[in-house]
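What follows is a single structure, written as structure tokens, with notes after it.
This is a predicted model, so every value here is computed, not measured.
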Amino acid sequence: MKLTEEQMNKALETIRKRWTSPQHCNVCGKSDWGVDDTIYQLSEYRPDKVQPTFKVKPLVTLICNNCGHTITMNAIHLGVVEPQKGATP
């Protein structure tokens with residue numbers, strides 16, 4: 001799902017407020033991060049299920065512009081999307 005401009009601004013604002021430690025990449029040491037404009041999902045691994053009828057986590061990805069190291073942040077906790085009915089962040 002592509003982030004709207006409003007969602008992107010909300011994500012950036014919340015990340016800036018919460019990421020208070022030095023924002024250095026723990027792979028290369030640089031401080032040059034980019035935020036992807038797409039929300040991805042991480043789903044529960046269930047080898048016994050063919051259809052995804054299980055929990056998923058919506059994620060915003062931050063990518064080091066120097067080395068490509070990627071970290072994820074929960075889009076619900078960032079206030080970018082609402083949780084699915086009956087789901088927990």
Side-chain angles (χ1 to χ4, degrees):
M1 174 182 132
K2 287 284 188 192
L3 291 168
T4 65
E5 184 175 344
E6 181 179 343
Q7 289 171 314
M8 179 65 93
N9 289 337
K10 177 67 175 171
L12 291 170
E13 174 187 341
T14 306
I15 290 166
R16 285 184 186 117
K17 284 182 188 175
R18 294 187 182 165
W19 196 355
T20 58
S21 62
Q23 299 174 356
H24 302 294
C25 174
N26 57 348
V27 173
C28 71
K30 301 290 184 185
S31 300
D32 184 15
W33 293 96
V35 178
D36 198 324
D37 67 350
T38 302
I39 294 178
Y40 297 94
Q41 69 182 30
L42 179 65
S43 60
E44 176 185 5
Y45 177 66
R46 298 281 305 267
D48 57 321
K49 301 283 184 185
V50 176
Q51 295 296 322
T53 57
F54 39 86
K55 297 179 191 178
V56 297
K57 301 292 183 199
L59 303 170
V60 172
T61 56
L62 288 78
I63 303 159
C64 175
N65 289 321
N66 183 60
C67 73
H69 177 63
T70 302
I71 61 174
T72 58
M73 297 189 82
N74 186 303
I76 296 169
H77 285 273
L78 291 176
V80 175
V81 296
E82 296 293 322
Q84 294 174 316
K85 291 185 180 188
T88 58

Looking at Val80, is its backbone amide N or carbonyl O close enough to the side chain of Gln7 to form a donor-acceptor pair, meaning the two atoms are under 3.5 Å apart? yes

Lys30 side, atom NZ; His24 side, atom NE2 - distance, nearest 0.5 Å: 11.0 Å

What residues form a side-chain contact (heavy atoms from CB on, under 4.5 Å) with Thr61, not counting sequence neighbours? Asp36, Tyr40, Ile63, Thr70, Thr72

One pair to check against side-chain contact (heavy atoms from CB on, under 4.5 Å): Ile71 and His69. What are the steps and the verdict? CA-CA 7 Å; Ile71 61 174; His69 177 63; 3.6 Å; yes

Identify the heavy atoms of Ile76 and Asn74 that sit nearest to each other, and give their distance. N-OD1, 2.8 Å

Is there a path of hydrophobic side-chain contacts, each under 4.5 Å between heavy atoms of I, L, V, M, F, W or Y residues, that connects Leu12 with Met73? yes

Minimum heavy-atom distance between Cys28 and Cys25, given as atom pair plus value: N-SG, 3.5 Å

Using the test side-chain contact (heavy atoms from CB on, under 4.5 Å), find all partners of Lys2 that sit at least two apart in sequence or belong to another chain. Asp37, Thr38

To the nearest 0.5 angstrom, please state how far the CD atom of Glu13 sits from the CZ atom of Arg18. 10.0 Å

Using 0.5 Å steps for rounding, measure from the CE atom of Met8 to the CG atom of Leu78. 11.5 Å

When clusters are formed by joining ILVMFWY residues with side-chain heavy atoms under 4.5 Å apart, either directly or through shared neighbours, do Ile15 and Met1 land in the same one? yes

Of all heavy-atom pairs linking His77 and Thr14, the shortest is O-CG2, 4.4 Å

State whether the number of non-hydrogen atoms from other residues, nucleotides or ligands found under 6.0 Å of Gln23 atom CD is greater than 12. yes

Decide side-chain contact (heavy atoms from CB on, under 4.5 Å) for Trp19 and Leu62; before the verdict, give the C-alpha distance in whole Å, the side-chain angles of both, and the deciding distance to 0.1 Å. CA-CA 12 Å; Trp19 196 355; Leu62 288 78; 3.5 Å; yes

To the nearest 0.5 Å, what is the distance between CD1 (Ile39) and CG (Leu59)? 9.0 Å

